[in-house]
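Working notes for the structure below.
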Amino acid sequence: MENLVIVDIGSNSARMSIYRIENDGYCVEIKRSKSDSRLSEGMGKEKILQPVAINRTINAIKSFKRIYSSMNNATVITIATAAVRQAENQKAFIRKVRKKVGLDVRVLSGREEAYYDYLGVVNKIKMNDYMVMDIGGASIELVRVQGKKRRDLISLPIGAVNISERFKLNNSVHAADLFNAQRFLKENIHRVPWLKKADHYQLVVLGGAARSLARINRSHQHFKNSDNLNGYHLNQRQVMGTYELLLRKNLHNRKEIHGLENERADIILGGLLPLITVIDEIDSRRIVFSEGGVREGLIAEYIKKHYRNY
């Protein structure tokens, strides 16, 4: 038996998942932790990770280490995504993590992140043709899946945190700022060369903003368990209606919405606007939520490599 620990240094949050792998390759998640460390906060156009955000993230990773360091036979994989990928001071950050926590960080390329999203989703979603969309703090990943096979993938440096900061979507939103954000997103997403091949595809959505969207709607529909999201789906009208509800409220009032975490209330509009833009671009009528993602893709790859009989 082996314990596999995946530490995921994201742009908005740092997460840890611990999986128990039996000798035959059977795997089950036994622990997960999350910290809203918001590493990408204040990076700006210069793409510099800020000292306060770095220290928040380091402290989060230290708290994870206190959990897994007492486990026997633990293998630790540490990854970082868009914020570190884009950062001019990436090497300094990696050195600091190694010095302070003793972990070597693997920085995923945008294509690798999109690929692991696909791996994490493909066995959890019972559909043949769809598009995966992962909405992160500093990037979005898009994968076109046809016949359960990945056909096209791309990562764009657009995410909940940087959109919210750049276009002032954190609190009450002015019409001019919203218009500029919409135009910026439409121009960038419209440039994806293969997007029209996904016309009318169902969207499988991942990431914090997507989870918040699902939880808000599940709470409104009086679901007893608002966290069991895999396979849950909404139609286009429900997504647009939820976005309009959020748009009408300032930051204080958004924090009162059931299903929306307080820590995400200031970036939820910037997180959902890329989804709204893609829905409009490909006229997707059904939005499906998945619990799969990068960490699940990594574990799938790990088991395939190290447990060949599974």
Side-chain angles (χ1 to χ4, degrees), residues 6 8 10-19 27-36 81 113-114 116-128 130-137 139-143 145 148 159-160 201-243 245-246 254-255 257-265 267-276 278-279 284-300:
I6 298 179
D8 180 358
S11 306
N12 187 56
S13 60
R15 296 172 182 268
M16 177 188 69
S17 295
I18 303 176
Y19 302 87
C27 171
V28 62
E29 186 180 43
I30 58 173
K31 177 74 176 177
R32 67 170 55 186
S33 295
K34 171 195 168 190
S35 174
D36 294 302
T81 52
E113 187 174 359
Y116 284 122
D117 279 333
Y118 161 74
L119 279 187
V121 165
V122 67
N123 291 320
K124 287 182 175 287
I125 295 294
K126 296 179 180 179
M127 300 189 300
N128 291 320
Y130 53 92
M131 188 158 76
V132 177
M133 183 176 188
D134 183 0
I135 310 166
S139 71
I140 59 174
E141 282 68 47
L142 298 170
V143 185
V145 180
K148 295 189 176 182
Y201 271 35
Q202 298 179 84
L203 267 175
V204 175
V205 290
L206 324 171
R211 286 189 292 272
S212 293
L213 173 65
R215 289 184 182 121
I216 291 168
N217 280 271
R218 287 176 71 88
S219 177
H220 180 72
Q221 295 164 1
H222 305 294
F223 277 76
K224 290 183 179 180
N225 184 357
S226 62
D227 288 325
N228 185 17
L229 305 180
N230 198 65
Y232 176 66
H233 58 88
L234 297 171
N235 60 39
Q236 189 181 108
R237 177 182 56 80
Q238 289 170 307
V239 174
M240 299 299 185
T242 305
Y243 191 74
L245 168 70
L246 293 163
R254 286 202 295 273
K255 289 182 177 180
I257 296 176
H258 292 294
L260 178 61
E261 297 171 293
N262 284 351
E263 297 80 8
R264 195 169 291 277
I267 58 169
I268 188 62
L269 292 173
L272 291 182
L273 194 52
L275 173 61
I276 299 293
V278 169
I279 288 173
S284 181
R285 307 295 175 86
R286 193 167 185 259
I287 294 82
V288 182
F289 299 85
S290 173
E291 293 287 2
V294 168
R295 292 184 303 282
E296 290 74 19
L298 283 163
I299 185 68

Checklist entry - Can you check whether Phe289 and Tyr232 have ring centres sitting under 6.0 Å from each other? => result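 Phe289 vs Tyr232: aromatic centres under 6.0 Å.
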Checklist entry - Hey, is Arg295 close enough to Asp8 for a salt bridge, meaning N to O under 4.0 Å? => result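 Judged by the 4.0 Å cut-off on N to carboxylate O distance, Arg295 and Asp8 do form a salt bridge.
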Item to check | Ion pair check, Lys34 and Glu261, cut-off under 4.0 Å | outcome: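 Glu261 and Lys34: salt-bridged.
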Nearest heavy atoms of [X] and [Y], plus distance in Å:
{"X": "Val204", "Y": "Tyr130", "value": "CG2-CD1, 3.5 Å"}
{"X": "Ala265", "Y": "Lys255", "value": "CB-CG, 3.7 Å"}
{"X": "Gly271", "Y": "Ile135", "value": "O-CG2, 3.1 Å"}
{"X": "Thr81", "Y": "Ser11", "value": "OG1-N, 4.2 Å"}
{"X": "Ser290", "Y": "Leu206", "value": "CB-CD2, 3.6 Å"}
{"X": "Leu272", "Y": "Ala209", "value": "CD2-O, 3.6 Å"}

Indicate yes or no for a side-chain donor-acceptor contact from [X] to the backbone of [Y] under 3.5 Å, with no hydrogens or angles considered.
{"X": "Ser17", "Y": "Ile6", "result": "no"}
{"X": "Asn217", "Y": "Leu213", "result": "yes"}
{"X": "Ser212", "Y": "Gly208", "result": "yes"}
{"X": "Asp117", "Y": "Gly293", "result": "no"}

Is there side-chain contact between [X] and [Y], with at least one heavy-atom pair below 4.5 Å?
{"X": "Leu269", "Y": "Tyr243", "value": "yes"}
{"X": "Arg218", "Y": "Leu229", "value": "yes"}
{"X": "Val145", "Y": "Met131", "value": "no"}
{"X": "Glu29", "Y": "Ile18", "value": "no"}
{"X": "Leu260", "Y": "Leu246", "value": "yes"}
{"X": "Met133", "Y": "Pro274", "value": "yes"}
{"X": "Ile267", "Y": "Asn12", "value": "yes"}

At what distance, to the nearest 0.5 angstrom, does [atom1] of [X] lie from [atom2] of [Y]?
{"X": "His258", "Y": "His220", "atom1": "NE2", "atom2": "NE2", "value": "11.5 Å"}
{"X": "Leu142", "Y": "Ile140", "atom1": "CG", "atom2": "CD1", "value": "5.0 Å"}
{"X": "Ser35", "Y": "Met16", "atom1": "OG", "atom2": "CE", "value": "11.5 Å"}
{"X": "Arg286", "Y": "Leu203", "atom1": "CZ", "atom2": "CG", "value": "11.5 Å"}
{"X": "Gln202", "Y": "Asn128", "atom1": "CD", "atom2": "CG", "value": "10.0 Å"}
{"X": "Glu296", "Y": "Asn123", "atom1": "CD", "atom2": "CG", "value": "11.5 Å"}

Checklist entry - Residues two or more places apart in sequence or in another chain: which of them pass side-chain contact (heavy atoms from CB on, under 4.5 Å) with Gln236? => result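 Scan of Gln236 (side-chain contact (heavy atoms from CB on, under 4.5 Å), adjacent residues dropped) gives Met240, Ile279, Asp283, Arg285.
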Item to check | Residues that Ala300 engages under side-chain contact (heavy atoms from CB on, under 4.5 Å), provided they are two or more places apart | outcome: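 Testing Ala300 for side-chain contact (heavy atoms from CB on, under 4.5 Å), a comparison that skips the adjacent residues, returns none.
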Item to check | CA sep, side-chain torsions, deciding dist, call: Gln221, Ser219, side chain to side chain donor-acceptor pair (under 3.5 Å) | outcome: CA-CA 5 Å; Gln221 295 164 1; Ser219 177; over 6 Å; no
Next on the checklist: Taking ring pair (Phe, Tyr, Trp, His ring centres under 6.0 Å) as the definition, give me every residue that meets it alongside Tyr118, ordered by chain and number, with sequence neighbours left out.
Outcome noted: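 Partners of Tyr118 by the ring pair (Phe, Tyr, Trp, His ring centres under 6.0 Å) criterion come out as none, since no residue qualifies.
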Item to check | Intermediate values then yes/no, side-chain contact (heavy atoms from CB on, under 4.5 Å), Glu141 and Val132 | outcome: CA-CA 8 Å; Glu141 282 68 47; Val132 177; over 6 Å; no
